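One structure is given here, and the rest of the page talks about it.
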Amino acid sequence: MMYNLEDALFNHDGSRRRSLSPMALSVSLQNAAFGGAGSTTSIGSGATDILKGTVGDRTDRKHTRRLHSASRGGKPKMKPPCVLVYTAGVSSTYDRIHSVLNSLLPPSVYTVFNMSPEAIRKHHWIDPSSACLILADTRELDDAAWKQLQEYFNKSGKMIFVCQNSLLASISCCESVKKQVSLLRMAFGEKASGSMSKDLESFLKKTLKTLAKHGEVHERYQSKDLVGGLKYSVVLSKKQDSPFLLYMESGGTHAASAVFSDATTDQLLAPGSRIVADSLARIGIMIEDGVKIPSLSVGYFISDEQFLSECKSLRYGAEIGDSPKLFMRRRDLIAEHPLPVPSPTLLPIQVLTRDEASSTCSFDTKKYYSRLSTICLGRNVLFVPVAATTIEVCRSLSEALPGYDGMCVVARQQLKGQGTESSEFISPVGVAMFNFSYSLPTSAALAKCPSFIQHVACVAVAAGVHELSGMEYLYSPDFPLRVKWPNDFYFNRSHKIGGLLVSAKSRDDAIEFSVGIGINVSNSLPTTCLNDMLPDNSSESANFSIEEVVAMTLNKFEHFVKVYEIKGQAAFLEHYYKYWLHSREEVTLGEENEKVVIRGLDKLGFLECRSRKMPSKLYSVADDGNTFDMMKGLVRMKLK
């Protein structure tokens, strides 16, 4: 399943109960609490006793089928919760944090987003789907960024600082207890000023005295439940040879919280450290000990004997392609010459005929080829049970076999599924994850407006699935898969179940497209899936299979390209509008805050909208790249 920041961070109902913030992250707090370096200590096994909340065991929701017609055990999420990671653009730090998260977060539940310095300044990530924010660097944050962090906490945000900050140093080194309380008041916000009593002063005085005397401390302060006052708690913990930890939490149903440490990022992420795991559990993130990350697997290139005999670019026993490099070998030679071990930079591949594949790999070639009716697309398939990302594999395959169009890469799982804006997709087993290449001559009608390729791909998925369901000619309630502009798939308007990503480059007299698609087929987590959308009286034989969904999508893609080329854009849009969600929908232009009504797509594939106040005004608008809340928050591209 493909998820970008737009996916993970959109608030569907537009409402949110505000709770008191544990941190009003103003400029004064930036200077007083987060800017400098603190003391460094080594991390011991007893470092995080105070942070050890209940580690959430993964509770798999029972697979209650037929979501729209039967009660489901446990309400499915509209979008998966997102763990945001900010490293000030340092990719090596992000990779280390991502590796730690991979070993802790349960499969099929959370998506991870690498926030750029630009992204953290935008408001779009502040959303109920934001499970928490992990900050590994605060030195480069400007006023706009701190303002966003403050707003996040005002909306019950959870934050973990995996970098040194001066809040703890300021508290522990401050001579005046009143100044120490003042620092915490700044951290909890203005409303805390009248609520923090002398009891807190006494707590800090006693706790820091104990720390100075014994070199360790483990104390908790809980505010009194006064009418109209701020409910909050403060925990200070320091073990010998361990970091100094501060945990703060505001009261209320939607409590905001933060975890601070005076340790360095290297110490916090060191092998054996439990700081990150226990911090995540403490703020309510579900974690699992010993999550097994699947290993990269060999691939299986499946074709017919004629292609394998005639393809001049197929080179066996040599590294070909881009990144990862591809190493191909015919099946009958592998016993004598084994394939190398898969790695992030090398993908070993068995080359198989269709008959050989049926007894060698788990890709059901009979189902796939019985459905496939294309001239070019998908006739050759590279199946990779566990891949880093199908996007890179497909790109490498196209480089290795230039001139052979329509190569399709299918994965059972992806370890680093790619999206826009540095997002990563959840890719559990049960998702149809595939990427295919497609070339258009520059003389083609679609080549004049290449952005329409993503719309062709969207309607191809929707139409293909509808045909497989047997409901393609029925009205929308019968099968509720719909297209959300510009590139998402939804169960009606409630649950996202997939999306796609298209990239393009020009070569000679053609435009080469790479189309990546992910759609939930049989996985009920993290949201819902196609099989859950079938009527409750459907038999098991009516279930969708990944192979059939891929094949039908390729059939429809080839078909709708022909419709566009032969009958024109208007004829294609008639098909597109059958599946999209937005006809006559009223939306707001983000920056202008102007109400408009969607008329449809313009000639470039953007939304064409009419002003409510001035009907003569037509706007052409595009998604702003971060959030698209059922058409809320759009950016004006041009005024017609």
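Keep in mind that what you see is a predicted model, and the values were worked out from it rather than measured.
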Exercise for the section: Check the pair L601 / Y577 against side-chain contact (heavy atoms from CB on, under 4.5 Å), numbers first and verdict last. Expected result: CA-CA 9 Å; L601 298 188; Y577 292 144; 4.0 Å; yes
Exercise for the section: Give the intermediate values and the outcome of side-chain contact (heavy atoms from CB on, under 4.5 Å) for residues I519 and T553. Expected result: CA-CA 11 Å; I519 186 166; T553 298; over 6 Å; no
Problem - Stepwise side-chain contact (heavy atoms from CB on, under 4.5 Å) check, E558 with I375 - result: CA-CA 8 Å; E558 213 171 67; I375 296 173; 3.8 Å; yes
Problem - Test side-chain contact (heavy atoms from CB on, under 4.5 Å) applied to V291 and L104, step by step - result: CA-CA 6 Å; V291 173; L104 297 173; 5.8 Å; no
Practice task
Decide yes or no on salt bridge (Lys or Arg N to Asp or Glu O under 4.0 Å) for K416 and E392, but give the supporting numbers first.
Solution key: CA-CA 10 Å; K416 292 185 177 181; E392 292 180 356; over 6 Å; no
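Without hydrogens or angle criteria, N487 side chain to L500 main chain gives a donor-acceptor distance under 3.5 Å. Looking only at distances, a side-chain donor or acceptor of S103 sits under 3.5 Å from a matching main-chain atom of V100. A donor-acceptor pair under 3.5 Å links the side-chain atoms of N555 to the main chain of R371, judged by distance alone. In this structure, the side chain of R507 does not engage the main chain of E512 through any donor-acceptor pair within 3.5 Å. Not one N or O on the side chain of Q454 forms a donor-acceptor pair closer than 3.5 Å with the backbone of L501. Counting only distance, with no hydrogens or angles, the side chain of S99 and the backbone of D95 share no donor-acceptor pair below 3.5 Å. Under the 3.5 Å distance criterion, the side-chain polar atoms of S358 are left unmatched by any main-chain donor or acceptor of T365. Of the possible polar contacts, one joining the S469 side chain to the H466 backbone as a donor-acceptor pair under 3.5 Å is found. A donor-acceptor pair under 3.5 Å links the side-chain atoms of R412 to the main chain of S362, judged by distance alone. The main-chain N or O of S524 is never found under 3.5 Å from a side-chain atom of D532 such that the two would form a donor-acceptor pair.
In this structure, D488 pairs ionically with K496, as a charged nitrogen and a carboxylate oxygen lie closer than 4.0 Å. Ion pairing between a basic and an acidic side chain is recognised when a charged N comes within 4.0 Å of a carboxylate O; E336 and R330 show no such pairing. A salt bridge is absent between E585 and K484: the closest approach of a Lys/Arg side-chain nitrogen to an acidic carboxylate oxygen does not fall below 4.0 angstrom.
The two atoms that bring V465 and F544 nearest to each other are O-CE2, 3.6 Å, heavy atoms only. Between A462 and V483, the shortest heavy-atom distance links the atoms CB-CG2, 4.1 Å. In plain terms, the two heavy atoms of L339 and Q350 that are nearest each other are CD1-CG, 3.7 Å. Of all heavy-atom pairs spanning N531 and S522, the tightest one is ND2-CB, 3.6 Å. Closest heavy-atom contact between P340 and L346: CG-CD2, 3.8 Å. The two atoms that bring E356 and V351 nearest to each other are OE1-O, 4.1 Å, heavy atoms only.
Side-chain contact between V393 and P324 is present, with at least one heavy-atom pair separated by less than 4.5 Å. Within the 4.5 Å cutoff, the side chain of I511 has no heavy atoms near those of the L446 side chain. With contacts defined as side-chain heavy-atom distances shorter than 4.5 Å, the pair V112/Y94 qualifies. A heavy-atom distance below 4.5 Å is not found between the side chains of L530 and L468. Counting heavy atoms from C-beta on, the side chains of V109 and P526 never come closer than 4.5 Å. You'll find the side chain of L554 reaches within 4.5 Å of the side chain of C408, heavy atoms only. Residues C529 and V521 fail the side-chain proximity criterion, which asks for heavy atoms closer than 4.5 Å. Residues C361 and P385 are not in side-chain contact: their nearest non-hydrogen atoms beyond the backbone lie 4.5 Å or more apart.
Ring planes of Y438 and F557: perpendicular class, angle over 60° (limits at 30 and 60°). Classification of the W580-H582 ring pair by plane angle, with boundaries at 30° and 60°, yields perpendicular. Using a 30° and 60° split on the angle between ring planes, H455 and W485 fall in the parallel class, below 30°. The aromatic rings of F452 and Y564 sit tilted relative to each other, their planes meeting at an angle between 30° and 60°.
Side-chain contact check for E548 and S545: at least one donor-acceptor pair (N or O, by modelled atom type) lies under 3.5 Å. Side chains of N520 and T528: a donor-acceptor N/O pair is absent below 3.5 angstrom, by distance only. A donor atom on one side chain and an acceptor atom on the other are found under 3.5 Å apart for D127 and S129.
Within the model, atoms OG of S359 and CG of L352 stand 8.0 Å from one another, a figure rounded to the nearest 0.5 Å. Considering OG of S398 and CE of M407, their distance stands at 7.5 Å, rounded to 0.5 Å. One distance of note links OH of Y316 with CG of L333; it measures 9.5 Å at 0.5 Å rounding. Within the model, atoms CD1 of I349 and NZ of K325 stand 12.5 Å from one another, a figure rounded to the nearest 0.5 Å. The CD1 atom of I517 sits 10.0 Å away from atom OG1 of T390, with the distance rounded to the nearest 0.5 Å. Here CG of N380 is found 10.0 Å from OG of S437. Values are rounded to the nearest 0.5 Å.
Heavy-atom contacts from other residues, nucleotides or ligands closer than 6.0 Å to NZ of K448 number more than 12.
Under the 6.0 Å distance and 45° angle rule, R354 counts as a cation-pi partner of Y369.
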